[in-house]
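Here the structure comes first, spelled out in C-alpha cells, and everything after it is commentary.
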Amino acid sequence: MNVTSLLLQHLFPDWSITPDREGIWRATGRILISASDLDGLVSMLHVADPEAFERAILLLQEPRGTASFREDGRQPRRTY
C-alpha cells in the first residue's frame, strides 16, 4: 500500500480506496466510484459523500492560531 492510499483511507474511513493494475482509482462505499486519475476520484467523492469530504478537509486544516514553522524555519515538534 502506498502513502497516497494510506492517506486517503485515513481521510475517508468509510470508503475502500485503491488503484487497480491499470492505474484506475476505485472507491467502494455506498456506491462504486472509479476515475482515471486521483483528482477525478476525489472530485467524485465530494459529490457522492459531501459530509465525508468536509470531514477530510477539517482533518487537513491546522487549528487556527498555530504556526506551521518556527522563527528559524523549522517545523515545531508535536506532542502526541
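We use all heavy atoms of the structure for the numbers below, so side chains are in, but hydrogens, waters and symmetry mates are not.
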Hydrophobic cluster membership, with links at side-chain heavy-atom distances under 4.5 Å among I/L/V/M/F/W/Y: are Trp15 and Ile24 in one?
no

Given the rule in the side-chain contact (heavy atoms from CB on, under 4.5 Å) test, do Asp20 and Arg26 qualify, once you have shown the distances and angles that lead to the verdict?
CA-CA 7 Å; Asp20 68 12; Arg26 300 190 191 284; 3.1 Å; yes

Check: residues 29-46 side-chain donor-acceptor pairs under 3.5 Å, at least two apart:
unit_1: Arg30; atom_1: NH2; unit_2: Ala48; atom_2: O; d: 2.7
unit_1: Asp37; atom_1: OD1; unit_2: Asp39; atom_2: N; d: 3.4
unit_1: Asp37; atom_1: OD1; unit_2: Gly40; atom_2: N; d: 2.6
unit_1: Ser43; atom_1: OG; unit_2: Asp39; atom_2: O; d: 3.1

How about Leu59 and Arg55: do any of their side-chain heavy atoms sit closer than 4.5 Å?
no

Using modelled atom types only, decide if a donor and an acceptor are shared between the side chain of Glu54 and the backbone of Asp49 within a distance under 3.5 Å.
no

List the residues meeting side-chain contact (heavy atoms from CB on, under 4.5 Å) with Pro19, not counting sequence neighbours, and say none if there are none.
Ser5, Trp25

